[in-house]
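So the structure is just underneath, and the comments pick up after that.
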Amino acid sequence: MPRLSESNLRIAHEIISRYPRAKSALIPLLHLSQEQDGYVADDAMKHLAELLDLTPAEVLGTCSFYEMFKREPVGDYRINICHGIACHLLGADDLIHHAEESLGVRQGTVTGDGISIEGVECIAACTEAPCLQVNYRYMNKVDNAGFDALVDGIRDGSVSVPKHGTLALTRQSISEDKAAGNSMVESNDPPAWWPEPAAAEGGN
Amino acid sequence: MPFEKVVTRRFDNLEAHKIDTYVATGGYASLRKALDTTPEAVHNEVKAASVLGRGGAGFPAGVKWGFCPPGVWPRYLVVNGDESEPGTYKDRQLLERDPHQVIEGCLLACYAVGLTQCFLYIRGEMAHAQERVAAALNEAYEAGYVGKNILGTDFSVDIVLHWGAGAYIVGEETALIESLEGNRGMPRLKPPFFPAAVGLYGQPTIVNNVETLANLPWIVEHGAEAYTAMGAENSKGTRVFAVSGHVNNPGVFEVEFGTTTFRDIIEGSDYAGGVRDGKKLKAFIPGGASAPWFFEEHLDLPLEKTAVDQAGSMLGSGAIVVMDQDTDMVKACHNLVRFFARESCGKCTPCREGTTWLERILSRIIAGHGRPSDLSLLTEVCENISPGIAWPPKQTTICPLGPSAVSPIASSIERFRNEFEDYITLSDRRVIPVGAA
Ligand SMILES: Cc1cc2nc3c(=O)[nH]c(=O)nc-3n(C[C@H](O)[C@H](O)[C@H](O)COP(=O)(O)O)c2cc1C
Ligand code: SF4
Ligand code: FES
């Protein structure tokens, strides 16, 4: 189902309406298709191109720049082990080595039951090194035993994280009656609260 | 001198992310106060507080706000929450633990500078921060603090939560804008130097870091005078530092800006508590992966912008990474250079090719295949990215990412040349552990 579903299409239109220019919604919409399918399919990119009045090549151009978008199915659980400098100093290389051994896969490949590991750059938890993310959920100060327990937990269902593709479980929603509305580039009106030019002298 | 916590003041309260708690602890009072005065008065207060930008460059926020060309509308605010500089861990905490404080900061900036739409760009990998901010924005809209006719006035602004998708370079402000326009996140050619002149959709745009904005509610509440009573001459107020690496008590600490020293924060029992396992300090990074390294002799320097700049490095993004006596400096250097090589956006040749070659050469040195000429080759490649290998770095590139890769190499080769030479001379006798390269 690589085109957006009815309900996701409604969300997509809501997202698009928040930007003065539709193309700005592209990255959020790529996330939305990845959330739906676990990856960004070619047909999904075509659909987004239709929605945003772009060419599929423009969509691919943006999509392919960003690390988080996967253009092929990648398994449900991605374990990103930080190998940034703080984690490196506290044993990230050993942890990655252990993870490869214990899962029996190399970085970037997927186990039969959909788990993969990858060394990634700093994930902004440096004081908690060595650390990792499972589908972008944090686990701090991980040792080898902790890693194995995590994998067991994923396998027996006791560790519950949303499947790969789903990021935030809470979405922003702006109801029509509360929205200030987009600031369109073409308008050139000063803000309603801005003082008359004479009064603003010496300010901006 | 006594100081009060500013941006982390609610961190002890685990409910602070909820609007009721935020309001009960003084939240949104600064917004009300600001709306009773003129935009100009708020702008002047922030200018007087001389808040230095916390995103890395340390440019005073109030001054930057003044760069918007008069009479050109609309103006936008883009909040930089892309936090990805290795070692940096503060913006995520501010977003997760006290999101309303950041939102209130955005509102104050919008009111003061006449910015009519705000985009809060959060790093893609930070799922929980996105959830906290989305929930906080929904609450704030509901309560009338954000959106149309805020608190019954004619101040109206939408704050749109936007998130990235994994690319360090998007933290550079013009790349951030490109990304927000739906493009590949590549920095724009300068000039214009400031997006305040030409930014999002070609309009005047203020880009500020999350922590910079988080300071504003306190400043409006207590006044610039109270803020500048804390800190040193060129570094006012307080600042958040993350201390990581080989220390007993790694953590995120808010300290008085400019008066606390590196020794205090690395060794102090209230702070990081000294190097682990009673070992000695070998080196530390004072301000994120891009910063030249400091050593024992720099410990008594204050965490103050001018002093650190003059000593040949920078406070950057407030990331202090400590390395103990047993650290393999060649590997540490390789680790940092690999980061820049991976994250180069590829737009300019010296950075794209140069960082890739630097990484490969370091990789082969570690793997035991180093050549005697490799050290001068490293230096030569560095010269091509940043002529003179000086500080602050000259650049042959569009943005400072390329030259940043030079910092760890220059620092480590100058100080620990023997470690590189050992790798090279011992190369064919070395036993290479699996996965070492
Ligand atoms: C390669 C590179 C990466 C950057 N990453 C970030 C970042 O993650 N967060 C940030 O706030 N600023 C980052 N900056 C600095 C921004 O370009 C910009 O100076 C800053 O967001 C301005 O906000 P401030 O004045 O409030 O500090 C980066 C700069 C460069 C050159
Ligand atoms: S210096 Fe590197 S990251 Fe910056 S614009 Fe050039 S290629 Fe891109
Ligand atoms: S280095 Fe691993 S989280 Fe920053």
Side-chain angles (χ1 to χ4, degrees), chain A residues 18-21 23-28 30-31 61-62 65-69 83-86 88-90 93 96-97 121-127 129 133 136-138 167-175 178-185 187-195 200 203-204, chain B residues 38 40 43 66 68 70 73-74 83-84 86-89 92 113-114 116-117 124-125 127 130-131 134-135 137-138 141 147-148 153-158 160-162 165-168 179-185 201 203 242 244-246 250-252 289 321 323 327 332 335-336 339 342 435:
Chain A
R18 284 180 208 150
Y19 297 93
R21 297 219 172 136
K23 194 179 182 188
S24 285
L26 181 50
I27 291 175
L30 285 163
H31 276 301
T62 296
F65 185 82
Y66 298 92
E67 184 83 27
M68 287 173 75
F69 296 132
H83 64 199
I85 184 68
H88 164 83
L89 292 172
L90 295 180
D93 291 353
I96 291 174
H97 182 59
E121 303 304 341
C122 177
I123 52 178
C126 320
T127 60
Q133 289 187 320
Y136 306 106
R137 308 276 149 177
Y138 285 91
L167 280 174
L169 297 173
T170 314
R171 278 186 213 286
Q172 179 178 20
S173 72
I174 306 177
S175 65
K178 305 268 184 195
N182 289 329
S183 295
M184 303 308 283
V185 174
S187 77
N188 205 33
D189 293 332
W193 71 91
W194 206 245
N204 298 296
Chain B
T38 62
E40 192 185 354
H43 187 164
C68 290
W73 309 101
E83 187 167 65
S84 343
T88 312
Y89 176 28
R92 180 163 76 85
V113 195
T116 45
Q117 197 166 4
E125 289 91 337
Q130 291 155 22
E131 286 167 350
L137 280 171
N138 290 347
Y141 265 96
K148 193 157 80 184
T153 66
D154 52 9
F155 174 47
S156 299
V157 63
D158 276 333
V160 178
L161 172 59
H162 187 96
Y168 162 72
S179 182
L180 191 52
E181 292 185 359
N183 302 325
R184 295 167 77 83
Y201 314 128
Q203 292 299 117
S244 62
H246 296 136
V252 177
V321 184
M323 301 182 240
T327 309
N335 180 280
L336 293 162
F339 169 77
R342 280 185 167 211

Next item on the list: Could you have a look at B:Arg342, B:Met323, B:Glu125, B:His162 and say which one has the most heavy-atom pairs with chain A under 4.5 angstrom?
Entry: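 Among B:Arg342, B:Met323, B:Glu125, B:His162, the one with the most close pairs to chain A is B:Glu125.
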
Check: Among B:Gln130, B:Arg184, B:Lys148, which has the most heavy-atom pairs under 4.5 Å with chain A?
Finding: B:Arg184

Residue pair [X] / [Y]: nearest heavy atoms and the distance that separates them:
{"X": "A:Ser183", "Y": "B:Gln117", "value": "N-OE1, 2.9 Å"}
{"X": "B:Gly182", "Y": "A:Thr62", "value": "O-OG1, 2.6 Å"}
{"X": "B:Tyr89", "Y": "A:Ala124", "value": "CD1-O, 3.0 Å"}
{"X": "A:Met68", "Y": "B:Gly166", "value": "SD-N, 3.7 Å"}
{"X": "B:Gly114", "Y": "A:Trp193", "value": "CA-CZ2, 3.7 Å"}

Proximity breakdown for [X] and chain A, heavy-atom pairs closer than 4.5 Å:
{"X": "B:Val252", "answer": "both"}
{"X": "B:Thr153", "answer": "neither"}
{"X": "B:Arg92", "answer": "side chain"}
{"X": "B:Ala289", "answer": "neither"}
{"X": "B:Gln203", "answer": "side chain"}
{"X": "B:Thr88", "answer": "backbone"}
{"X": "B:Leu161", "answer": "both"}

Check: Stepwise, does the side chain to side chain contact (heavy atoms under 4.5 Å, CB included) test hold for A:Arg18 with B:Asp158?
Finding: CA-CA 9 Å; A:Arg18 284 180 208 150; B:Asp158 276 333; over 6 Å; no

So does [Y] get a backbone contact from the side chain of [X], meaning a donor-acceptor N/O pair under 3.5 Å?
{"X": "B:Asn138", "Y": "A:Ser173", "result": "yes"}
{"X": "B:Glu131", "Y": "A:Leu169", "result": "yes"}
{"X": "A:Tyr19", "Y": "B:Val160", "result": "no"}
{"X": "A:Asp189", "Y": "B:Trp73", "result": "no"}

Is chain B contacted by the side chain of [X], its backbone, both, or neither, given a heavy-atom distance below 4.5 Å?
{"X": "A:Ala125", "value": "both"}
{"X": "A:Asn188", "value": "both"}
{"X": "A:Ile85", "value": "both"}
{"X": "A:Arg171", "value": "backbone"}
{"X": "A:Leu167", "value": "both"}

Notebook entry, point to check: Do you know which of A:Cys122, A:Ala179, A:Ala192, A:Ala180 has the most heavy-atom pairs under 4.5 Å to chain B?
Noted result: A:Ala180

Checklist line | Residue selection (most heavy-atom pairs with chain B, distance under 4.5 Å) from A:Met184, A:Gln172, A:Glu67, A:Arg21 | finding: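 The residue among A:Met184, A:Gln172, A:Glu67, A:Arg21 with the greatest pair count is A:Gln172.
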
Does [X] reach the side chain of [Y], with side-chain heavy atoms less than 4.5 Å apart?
{"X": "A:Cys126", "Y": "B:Pro250", "value": "no"}
{"X": "A:Leu26", "Y": "B:Glu181", "value": "no"}
{"X": "B:Pro86", "Y": "A:Glu121", "value": "no"}
{"X": "A:Ser24", "Y": "B:Tyr201", "value": "yes"}

Next item on the list: Taking ring pair (Phe, Tyr, Trp, His ring centres under 6.0 Å) as the test, write out the residues that go with A:His31, two or more places apart.
Entry: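 If we apply the ring pair (Phe, Tyr, Trp, His ring centres under 6.0 Å) test to A:His31, skipping adjacent residues, the hits are A:Phe69, B:Trp163.
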
Checklist line | Point-to-point distance, once rounded to the nearest 0.5 Å, from CG of A:Leu89 to NE2 of B:His246 | finding: 4.5 Å

Notebook entry, point to check: In Å, rounded to the nearest 0.5 Å, how long is the span from OG of B:Ser179 to OH of A:Tyr66?
Noted result: 3.0 Å

Item checked: Any residue meeting side chain to side chain donor-acceptor pair (under 3.5 Å) with A:Lys23, in chain and number order, not counting sequence neighbours -> B:Asn183

